[in-house]
Amino acid sequence: MTTVLNDSPFVRACRGLDVPHTPVWFMRQAGRSLPEYRKIREGIGMLDSCRRPDLVTEITLQPVRRHNVDAAILFSDIVVPIAAAGIDLDIVPGTGPVVAEPVRTPAGIERLRQITPDDVGFVAESVRLLVKELGGTPLIGFAGAPFTLASYLIEGGPSRTYLKTKAMMYGEPALWNALLSRLADITLTFLRTQIDAGVSAVQLFDSWAGALSEADYREHVLPHSSRVLAGLAGAGVPRIHFGVGTAVLLEAMGEAGADVVGVDWRTPLDRATKVIGPSKAVQGNLDPAVLFAGREVVEREARRVLEQGRAAPGHVFNLGHGVMPETDPDALTRLVAFVHETSAR
C-alpha cells in the first residue's frame with residue numbers, strides 16, 4: 001500500500017514528479033460547509049470530536065466520498081497537542097481556541113509539558129483506521145507551527161493585533177525562545193506520531209505568521225519552524241508549510257525546510273515560485289471567495305491558477321485558505337472535476 005500511496009498524484013506532485021493530473025484537496029475540506037458534517041457534530045464539542053477515532057474517521061472521509069479529492073486531511077485541530085500537554089483550553093463555537101490561563105511567564109511554560117505518543121494515542125488510532133478505509137488515497141497529517149500556537153497561548157485566544165505575543169517576542173526574547181522551543185518539541189512529537197501511524201504527508205500550519213515582518217520572522221520564528229521540519233527530514237513523507245498573508249515571507253518560508261510551500265490567494269503561483277526557488281513544489285491558491293461567483297468565474301480563475309502553477313516543479317491545487325462555511329459543496333465537487341479534466345496529461 002505504501003508503494004501505491006507514494007505513486008499517488010498528490011505525493012508525486014509534492015515531490016515534483018510527473019502526474020496524470022494536478023491533484024486537489026481543500027483546507028477545512030472535512031467540515032463546516034458539509035451538511036453531513038454539521039449533522040454528525042450536533043451536540044459534540046470540537047475537542048471531544050477530535051478525540052473520538054470513530055468520529056474523526058467518518059468526518060475525514062466525508063469530503064473524499066463527496067468531492068473525489070486526491071488526498072484526505074486528518075480531522076483535528078491545531079490546539080489538540082497543547083491540550084494534551086496540560087493546557088486548560090476550549091474551542092468555543094464562533095470564537096476559536098480560548099485558553100483559561102494564558103502563558104506569559106516561566107511558570108506558565110512549565111505547565112506546558114512535553115507530550116508522548118500515548119498522550120495523543122487517539123490521533124494515532126484515528127490515522128490507522130483512516131489508512132485502512134482510504135486505500136489508495138493519501139492521508140495528510142498536520143500540526144500548528146510554534147509561532148501560531150504561541151500566539152494562542154500568550155493572547156489567551158484569537159487576536160487581530162498580537163500585541164501580547166509581539167511584546168514577549170520583542171521584550172522577553174529568552175522567555176519567547178523557551179516557549180517556542182517547547183512548542184517545537186511538542187509539535188515534532190505530534191507529527192511523528194501521525195507519521196508512525198501511517199500518514200502520507202504532513203502540513204505545518206503557521207496560520208498567523210503573516211502578522212510579522214520578514215526580519216522578525218527570520219529572527220524569532222524561522223529557527224523554531226525549521227527545527228520541526230528538519231526533525232522530519234528522514235521520515236520519508238512530504239512536508240508542506242503554509243501561512244496566511246505571507247507574501248513578504250515566502251522566501252524565508254521556502255528556507256524553513258519544507259518540500260512544498262503553500263501560497264495564499266494574494267500571490268500568483270508563478271511569482272511565488274520565483275521567490276521560493278525552483279526546487280520546491282507549491283500548493284494553492286484559488287481565493288475561497290471565488291466559489292461564490294458562479295461556475296464560469298470559478299473555472300476561469302481555476303484555469304489561471306493551473307497555468308501559474310506550471311512554473312513550479314510540482315503543483316497541488318488548493319484554495320488560498322480554508323473552505324468558508326457558506327460554500328456550496330457542489331461548487332467544490334465541480335471544481336475538483338474541472339481541475340482533473342483540465343490538467344489531465
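Everything numeric here is computed off the predicted structure, so don't read it as measured data.
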request  = Say whether, by atom type as modelled, one donor and one acceptor occur between the side chain of Asp287 and the main chain of Trp265 under 3.5 angstrom.
outcome  = no

request  = Quick one: closest heavy-atom pair of Gly245 and Asp264, and the distance?
outcome  = N-OD2, 2.6 Å

task = Please check if the side chain of Gln194 supplies one atom and the backbone of Phe142 the other of a donor-acceptor pair under 3.5 Å.
result = yes

key: Minimum-distance pair of heavy atoms, taken over all atoms of Thr57 and Leu129   = OG1-CB, 3.6 Å

request  = Go through the structure and list residues passing salt bridge (Lys or Arg N to Asp or Glu O under 4.0 Å) with Arg32, not counting sequence neighbours.
outcome  = none

task = Taking only Lys NZ, Arg NE, NH1 and NH2, and the carboxylate oxygens of Asp or Glu, determine whether Glu42 and Lys39 approach each other closer than 4.0 Å.
result = no

key: Salt-bridge contact Glu110-Arg182 (side-chain N to carboxylate O under 4.0 Å)   = yes

query = Has the side chain of Thr148 got a donor or acceptor atom that lies under 3.5 Å from a matching backbone atom of Gly144?
reply = no

request  = Using a strict cut-off of less than 4.0 Å between a Lys/Arg side-chain nitrogen and an Asp/Glu carboxylate oxygen, indicate whether Asp270 and Arg310 qualify as a salt bridge.
outcome  = no

ask   = Measuring from Ile73:CD1 to Thr60:OG1, what's the distance to the nearest 0.5 Å?
value = 9.0 Å

Side chain Asn318, main chain Trp25, donor-acceptor under 3.5 Å = yes

key: Pair Arg218 + Glu214, salt bridge at N-O below 4.0 Å   = yes

key: Closest non-hydrogen atom pair between Ala312 and Val282, with its separation   = CB-CG2, 3.7 Å

message = So does Met324 get a backbone contact from the side chain of Thr327, meaning a donor-acceptor N/O pair under 3.5 Å?
response = yes

Sidechain-backbone polar pair: Ser33 side chain, Gln29 backbone, donor-acceptor under 3.5 Å = no

task = State whether a side-chain donor-acceptor pair under 3.5 Å links Gln62 with Arg66.
result = no

ask   = Is it true that Asp7 and Arg12 make a salt bridge, defined as a side-chain N closer than 4.0 Å to a carboxylate O?
value = yes

ask   = Under 4.5 Å between any side-chain heavy atoms of Val244 and Arg266, yes or no?
value = yes

task = Begin from the C-alpha positions of Arg52 and Glu125 and carry the test salt bridge (Lys or Arg N to Asp or Glu O under 4.0 Å) through to its verdict.
result = CA-CA 9 Å; Arg52 286 181 48 181; Glu125 185 181 347; over 6 Å; no

Short side-chain to backbone donor-acceptor contact, Thr342 and Phe338, under 3.5 Å = yes

key: Check ion pair Arg113-Asp119 (N to O, under 4.0 angstrom)   = yes

query = Does the side chain of Asp330 pick up a donor-acceptor pair with the side chain of Thr333 at under 3.5 Å?
reply = no

query = Salt bridge between Glu133 and Arg128, side-chain N to carboxylate O under 4.0 Å?
reply = no

inquiry  = Testing Val323, Val298, Val297 one by one against Leu291 for a side chain to side chain contact (heavy atoms under 4.5 Å, CB included), which residue passes?
reply    = Val298

key: salt bridge (Lys or Arg N to Asp or Glu O under 4.0 Å) between Arg227 and Asp185, worked out   = CA-CA 9 Å; Arg227 189 156 72 82; Asp185 289 338; 2.9 Å; yes

message = Has Trp176 got a side-chain atom pairing as donor or acceptor with His220's backbone, closer than 3.5 angstrom?
response = yes

task = Locate the shortest heavy-atom distance separating Thr165 from Ser151; write the atom from each residue and the value.
result = OG1-CA, 3.5 Å

ask   = Can you tell me if Asp90 uses its side chain to pair, donor with acceptor, with the backbone of Val92 under 3.5 Å?
value = no

query = Are any of the side-chain nitrogens in Arg334 or Glu299 under 4.0 Å away from the carboxylate oxygens of its partner?
reply = no

message = Nearest 0.5 angstrom please: Phe147 CZ to Leu212 CG, how far?
response = 4.0 Å

Side chain to side chain contact (heavy atoms under 4.5 Å, CB included) assessment of Leu229 paired with Leu204 = CA-CA 8 Å; Leu229 292 164; Leu204 188 67; 4.1 Å; yes

ask   = Hey, does the side chain of Arg345 reach the backbone of Ser343 with a donor-acceptor pair shorter than 3.5 angstrom?
value = yes

